[in-house]
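The block underneath contains the structure these notes are about, expressed in structure tokens.
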Amino acid sequence: MWPKYITEKSLDQFIENALAEDIGDGDHSSLASIPENAENSAYLLMKDSGIIAGVELAEIIFKKLSPSIKVETLVKDGDVVKKGDIIMRIHGSSRAILSGERLMLNCMQRMSGIATYTNKLNSQISHTSTKLLDTRKTTPNFRLMEKWAVFIGGGVNHRFGLYDMIMLKDNHNDFAGGITQSVNATKNYLQRTGRDLKIEVETRNLEEVKEVLSLEGVHRIMLDNMSPALMSEALALINGRLETEASGGITESTIGAVAETGVDYISVGALTHSAKSLDISLKAE
């Protein structure tokens, strides 16, 4: 099942834009060297190990270039794969295979790297009830695929963009004159515009946590750059009244201790901005 932001329309738009960027007025290497009606077979070879992602997308990309192309998927999104595994076979238009090769590999390699890193961090908090979130620290025009990769890797998607949730971070609150002013202005805005959006507020210390708790209408409180000890104090103050999210500088070495505080969510920007792509190759048969 696809996450709600993945639709046929969104995929078509992404693939059309990406192919236009890469092919332009023609894949002249293939047009020049390969006969129009030539057909060949190829396979995808793993050159790294990890969690595979982008399998469904790869098939859609090839079908977009040639509806008659045959794609045999030997794994599914989210499967564990190993170096040396053959994960897909493709047969059909030689030109279509060559024209779609780079887009397909760019997507799958990047997505698989993100899914693999998400799975790794998730395994470090699996003994707790804390959920791992992504952020908006994504590659412009590739957020759709990067968040999909987090989902495939077992993470939970945070808001998709600026439009589907309100997050009042430190700069919002400072520009507005404080947390109380920022929250009150937001509630007035939502009432005035008829929008039903959840409100999250970032806090940097216990005094700000207390201030948020004195207000109505907030759904989640972010505990930003707090040590596990300070976070535990904040969670004791909150006492389950609001959802809680830890954020800021959380690494592989600290994520376990943060989760053990009992925080509901941990958001990690590195899932999408620092994951290493997996190496995958397309080979002619």
Side-chain angles (χ1 to χ4, degrees), residues 1-3 5-6 11 14 18 43-62 71-90 100-158 160 246-247 249-259 265-283:
M1 181 182 295
W2 289 348
Y5 51 84
I6 300 293
L11 292 179
F14 167 76
Y43 61 91
L44 288 190
L45 176 68
M46 292 302 306
K47 300 175 78 174
D48 275 327
S49 300
I51 304 297
I52 196 68
V55 175
E56 287 188 73
L57 176 62
E59 185 169 3
I60 295 168
I61 289 170
F62 282 123
V71 178
E72 180 189 4
T73 56
L74 305 177
V75 295
K76 63 182 185 298
D77 284 322
D79 282 352
V80 176
V81 293
K82 296 179 181 178
K83 182 179 180 179
D85 286 351
I86 294 174
I87 61 170
M88 184 182 294
R89 283 192 161 87
I90 307 127
E101 174 185 0
R102 181 46 50 199
L103 173 59
M104 176 273 299
L105 287 175
N106 285 347
C107 291
M108 288 193 72
Q109 290 178 146
R110 179 83 182 120
M111 291 176 71
S112 297
I114 291 169
T116 299
Y117 192 50
T118 301
N119 178 265
K120 180 180 181 179
L121 291 190
N122 239 346
S123 69
Q124 294 178 222
I125 63 172
S126 60
H127 61 293
T128 74
S129 60
T130 303
K131 294 180 174 62
L132 181 62
L133 295 175
D134 54 21
T135 70
R136 287 171 46 246
K137 295 178 182 178
T138 56
T139 308
N141 297 321
F142 201 61
R143 181 175 296 175
L144 196 73
M145 304 312 158
E146 291 179 338
K147 282 189 171 280
W148 192 5
V150 169
F151 177 82
I152 290 169
V156 176
N157 296 133
H158 210 317
F160 191 82
S247 184
I250 295 166
T251 66
E252 293 178 34
S253 61
T254 61
I255 192 170
V258 173
Y265 298 98
I266 296 175
S267 54
V268 179
L271 293 180
T272 50
H273 71 58
S274 296
K276 179 182 179 296
S277 296
L278 294 193
D279 193 1
I280 308 171
S281 288
L282 183 141
K283 301 289 187 182

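Only this structure's heavy atoms are used, side chains among them; waters, hydrogens and symmetry mates stay out. No experiment lies behind these values; they were computed from the predicted model shown.
- Side-chain contact between M108 and I52 is present, with heavy atoms from C-beta onward closer than 4.5 Å.
- Judged by distance alone, with hydrogens and angles left aside, the side-chain atoms of Q109 form a donor-acceptor pair with the main-chain N or O of I280 at under 3.5 Å.
- With rounding to the nearest 0.5 Å, the separation of CG in L144 from CE in M111 is 8.5 Å.
- A distance of 12.0 Å separates CG of N122 from OH of Y117, quoted to the nearest 0.5 Å.
- The closest donor-acceptor contact from the side chain of R136 to the backbone of F160 lies at 3.5 Å or more, if one exists at all.
- Taking A246 as the reference, M231, I250, V258, V263, I266 meet the side chain to side chain contact (heavy atoms under 4.5 Å, CB included) condition, with sequence neighbours excluded.
- Under the salt bridge (Lys or Arg N to Asp or Glu O under 4.0 Å) criterion, K76 pairs with D79, not counting sequence neighbours.
- Pairing each heavy atom of L45 with each of G84, the nearest pair is CD1-O, 3.5 Å.
- In terms of heavy atoms, G50 sits closest to L278 at CA-CD1, 4.0 Å.
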Exercise. Please walk me through it: do I114 and W148 pass side-chain contact (heavy atoms from CB on, under 4.5 Å)?
Worked result: CA-CA 9 Å; I114 291 169; W148 192 5; over 6 Å; no
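- Remark: Y265 engages no residue in a ring-ring contact (aromatic ring centres under 6.0 Å, His included) (not counting sequence neighbours).
- Between T128 and A259, the closest heavy-atom pair is OG1-CB, 3.6 Å.
- Side-chain atoms of S112 come within 3.5 Å of backbone N or O of A53 as a donor-acceptor pair.
- Judged by distance alone, with hydrogens and angles left aside, the side-chain atoms of D77 form no donor-acceptor pair with the main-chain N or O of I152 at under 3.5 Å.
- Residues passing the side chain to side chain contact (heavy atoms under 4.5 Å, CB included) test with S274, sequence neighbours excluded: A270.
- K83 and S49 make their closest contact through N-OG, 2.9 Å (heavy atoms, listed as atom of the first residue, atom of the second, distance).
- In terms of heavy atoms, I125 sits closest to K131 at CD1-C, 4.4 Å.
- Shown here are the side chain to side chain donor-acceptor pair (under 3.5 Å) partners of T135, two or more places apart in sequence or in another chain: there are none.
- Between Y43 and I90, the closest side-chain pair of non-hydrogen atoms is not below 4.5 Å.
- The shortest side-chain heavy-atom distance between L282 and M104 falls under the 4.5 Å cut-off.
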Problem set entry | side chain to side chain donor-acceptor pair (under 3.5 Å) evaluation trace for T272 with T138 | CA-CA 6 Å; T272 50; T138 56; 5.9 Å; no
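- With sequence neighbours excluded, the residues forming a side chain to side chain donor-acceptor pair (under 3.5 Å) with N157 are Y5, D134, listed by chain and number.
- Screening residues 49-61 for salt bridge (charged side-chain N to carboxylate O under 4.0 Å, His left out), with sequence neighbours left out, gives no hits.
- Under the salt bridge (charged side-chain N to carboxylate O under 4.0 Å, His left out) criterion, the residue pairs touching residues 101-129 are R110-E146, K120-E252, with sequence neighbours excluded.
- Residues L74 and I86 meet the side-chain proximity criterion, which asks for heavy atoms closer than 4.5 Å.
- Checked by atom type and distance alone, the side chain of T118 never pairs as donor or acceptor with a backbone atom of G154 at under 3.5 Å.
- Listed by chain and number, the residues in a side chain to side chain contact (heavy atoms under 4.5 Å, CB included) with N119 are I51 (sequence neighbours excluded).
- Partners of R89 by side chain to side chain donor-acceptor pair (under 3.5 Å), not counting sequence neighbours, listed by chain and number: E285.
- The distance from atom OG of S281 to atom CG of L105, rounded to the nearest 0.5 Å, is 7.0 Å.
- D85 has its side chain out of reach of V75: every pair of non-hydrogen atoms, C-beta onward, lies at least 4.5 Å apart.
- Applying the side chain to side chain donor-acceptor pair (under 3.5 Å) rule to T251 yields the partners S253, T254; only residues at least two apart in sequence or on another chain are considered.
- Closest non-hydrogen pair, Q124 versus H127, comes out as O-CE1, 3.3 Å.
- The closest side-chain heavy-atom distance from L132 to V156 is not below 4.5 Å.
- Scored by the side chain to side chain contact (heavy atoms under 4.5 Å, CB included) test, K276 finds D48 as partners (sequence neighbours excluded).
- Ring geometry for F142 versus F14: interplanar angle of 30 to 60°, hence tilted.
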